[in-house]
Amino acid sequence: MNCSQTPDFVLSGFLRDPDKWQLLFSVFLALYMLGLLGNLLLLLAIGANIHLHTPMYFFLSQLSLVDLCFITSTAPKMLEDLWTSNGAISFSECLTQLYFFAVFADMDNLLLAVMAVDRYTAICHPLHYPLLMTPCRCGVLVGGSWGVAHSISLVHTMLLSQLSFRTSQEIPHFFCDLGPLFSLSCSDTHLNEDLTMALAGVLGISALLCIVNSYAHIFHAVARVPSAQGKRKALATCSSHLSMVILFYSAIFATYLKPPSTSHSSGEMVAAVMYTMVTPTLNPFIYSLRNKDVKSALKRTLAMENSWN
């Protein structure tokens, strides 16, 4: 068996059915353009409107930036493969894609947890909110999240770079992910797999528990509000974030919490498309459609652009 530490791979996830290449290219290009436009508009609207310079919208702008980068870590290569009908990718390119994909996926996870803490603080401790969520603390939360995400991704990438792989093998996916790469390795991957499970478990479960705990306190506090209007107003500030949480974790669970027999199935590919392309594309629209402040800011931003033109 020919093994190498610098192999070449072929991303064959969407290249097995030539009849669908044109359709898939059109759909994914539309999704990618929509994702870029939505996240860029949201970033512009938040940055240009001083009324949105609050902790909640600061975290939302960070999420939009991460989603913009997240979708860009996989979509351009996938579109290139469909356009050229050639999924070839070098080992260094594969590691680079995997590194940034892991960083932005972990950042999405961590930012959703940070945003849940922000909503908990705003609803359960409204009088202390300005003191608790200062610009410095918001910066520390986001900066710490970036540091954790880069550190975990660097560990995975460095350990993966020490493995040997079968040369000129197909990766049955549309991007470089840890699971498919482990299955192509000639080396013992038990350490990598155990570490992947441990880090993913600690990070993912910690973030999810943080979100669940925050919303448990939020719902308890809202239940004590005497008026129905007050309850609706309190929950309205959480509905967009809660929608994003459900969408993100549903796609993650559908992709990674599966029996080995379903690995690389069409269902897994659909779930992977959901969390790598559909979720980052929908997030800005979820906030725009369900938030009056964001809708007003977007209208003002678009009106300013039209006046300049």
Side-chain angles (χ1 to χ4, degrees), residues 1-13 66 70 73-74 89-114 144-167 169-213 245 248-265 267-269 271-272 274-276 279:
M1 183 183 298
N2 293 326
C3 291
S4 170
Q5 285 196 312
T6 58
D8 290 324
F9 297 120
V10 176
L11 294 169
S12 62
V66 169
F70 189 25
S73 68
T74 58
I89 184 170
S90 68
F91 186 57
S92 59
E93 291 173 334
C94 196
L95 284 183
T96 301
Q97 185 186 56
L98 174 64
Y99 177 84
F100 286 107
F101 167 80
V103 167
F104 300 131
D106 289 341
M107 275 302 296
D108 251 347
N109 188 36
L110 291 168
L111 281 175
L112 288 174
V114 168
S145 297
W146 278 111
V148 169
H150 277 286
S151 299
I152 291 177
S153 183
L154 185 62
V155 169
H156 288 317
T157 306
M158 291 189 67
L159 285 177
L160 196 66
S161 67
Q162 304 304 309
L163 301 179
S164 297
F165 295 86
R166 302 178 191 129
T167 57
Q169 288 292 306
E170 288 188 1
I171 299 177
H173 216 319
F174 61 91
F175 67 93
C176 291
D177 202 0
L178 288 170
L181 286 173
F182 289 158
S183 66
L184 298 180
S185 177
C186 306
S187 307
D188 184 0
T189 62
H190 283 95
L191 173 62
N192 300 68
E193 293 175 359
D194 291 344
L195 188 62
T196 297
M197 291 298 295
L199 291 177
V202 170
L203 185 68
I205 293 174
S206 298
L208 187 56
L209 286 177
C210 179
I211 293 171
V212 171
N213 185 55
V245 167
F248 178 79
Y249 282 103
S250 297
I252 289 289
F253 291 157
T255 303
Y256 293 109
L257 295 184
K258 61 187 187 307
S261 59
T262 64
S263 183
H264 315 319
S265 66
E268 179 192 355
M269 296 284 285
M274 281 294 297
Y275 85 87
T276 58
T279 301

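Being a predicted model, the structure only gives us computed values, none of them experimental.
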Margin query: Under the criterion side-chain contact (heavy atoms from CB on, under 4.5 Å), I'd like the reasoning laid out for W146 against L110: C-alpha separation, chi angles, the key distance, then a yes or no.
Written below: CA-CA 9 Å; W146 278 111; L110 291 168; over 6 Å; no
Next item on the list: Verify side-chain contact (heavy atoms from CB on, under 4.5 Å) between F104 and D106, making sure each step is shown before the conclusion.
Entry: CA-CA 5 Å; F104 300 131; D106 289 341; over 6 Å; no
Margin query: Before you tell me yes or no, could you show the steps for L95 and C176 under side-chain contact (heavy atoms from CB on, under 4.5 Å), namely the whole-Å CA-CA distance, both residues' side-chain angles and the distance that decides it to 0.1 Å?
Written below: CA-CA 8 Å; L95 284 183; C176 291; over 6 Å; no
Next item on the list: Decide side-chain hydrogen bond (donor to acceptor under 3.5 Å, both in side chains) for E93 and T96; before the verdict, give the C-alpha distance in whole Å, the side-chain angles of both, and the deciding distance to 0.1 Å.
Entry: CA-CA 5 Å; E93 291 173 334; T96 301; over 6 Å; no
Margin query: C94 vs I171, test: side-chain contact (heavy atoms from CB on, under 4.5 Å). Steps then yes/no.
Written below: CA-CA 10 Å; C94 196; I171 299 177; 4.2 Å; yes
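Checked by atom type and distance alone, the side chain of S185 never pairs as donor or acceptor with a backbone atom of F182 at under 3.5 Å. Formation of a donor-acceptor pair under 3.5 Å by the E170 side chain with backbone atoms of S12 is not found in this model. A donor-acceptor contact shorter than 3.5 Å is absent between the side chain of D177 and the backbone of G179. Put simply, the side chain of S187 never gets that close to the backbone of T189: no donor and acceptor are under 3.5 Å apart. Distance alone, capped at 3.5 Å, is enough to place a donor-acceptor pair between the T279 side chain and the M274 backbone. S206 places no side-chain N or O within donor-acceptor distance of the main-chain N or O of L203, the cut-off being under 3.5 Å.
Atom CD of Q97 is separated from atom OG of S92 by 11.5 Å, given to the nearest 0.5 angstrom. To the nearest 0.5 Å, atoms CG (L160) and CG (L195) are separated by 11.5 Å. The CG atom of L98 sits 10.0 Å away from the OG atom of S73 when rounded to the nearest 0.5 Å. Rounding to the nearest 0.5 angstrom, the gap separating the CZ atom in F174 from the CG atom in L11 is 10.0 Å. Here the CG-CG distance, from L163 to L191, works out to 9.0 Å after rounding to the nearest 0.5 Å.
With sequence neighbours left out, D108 forms a side chain to side chain donor-acceptor pair (under 3.5 Å) with no residue at all. Remark: C210 pairs with no residue by the disulfide bond (SG atoms under 2.5 Å apart) rule, at least two apart or across chains.
A donor-acceptor contact closer than 3.5 angstrom is absent between the side chains of T196 and E193.
Counting only heavy atoms from C-beta outward, the side chains of V10 and I89 never approach each other to under 4.5 Å. Two residues are said to be in side-chain contact when any heavy atoms from C-beta on lie closer than 4.5 Å; F101 and T276 meet this criterion.
Here the shortest heavy-atom pairing between A105 and F248 reads O-CZ, 4.0 Å. Between H173 and A272 the shortest heavy-atom distance is CE1-CB, 3.6 Å. Annotation for F91 and D8: closest pair N-OD1, 4.4 Å, computed over non-hydrogen atoms.
Aromatic rings from F9 and F165 are positioned such that their centres are separated by under 6.0 Å.
Heavy atoms of other residues, nucleotides or ligands lying less than 6.0 angstrom from OH of Y249 number more than 12.
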Review item, side-chain donor-acceptor pairs of residues 147-157, under 3.5 Å, at least two apart:
{"unit_1": "H150", "atom_1": "ND1", "unit_2": "Y99", "atom_2": "OH", "d": "2.8"}
{"unit_1": "S151", "atom_1": "OG", "unit_2": "G147", "atom_2": "O", "d": "2.7"}
{"unit_1": "S153", "atom_1": "OG", "unit_2": "Y99", "atom_2": "O", "d": "2.6"}
{"unit_1": "T157", "atom_1": "OG1", "unit_2": "S153", "atom_2": "O", "d": "2.8"}

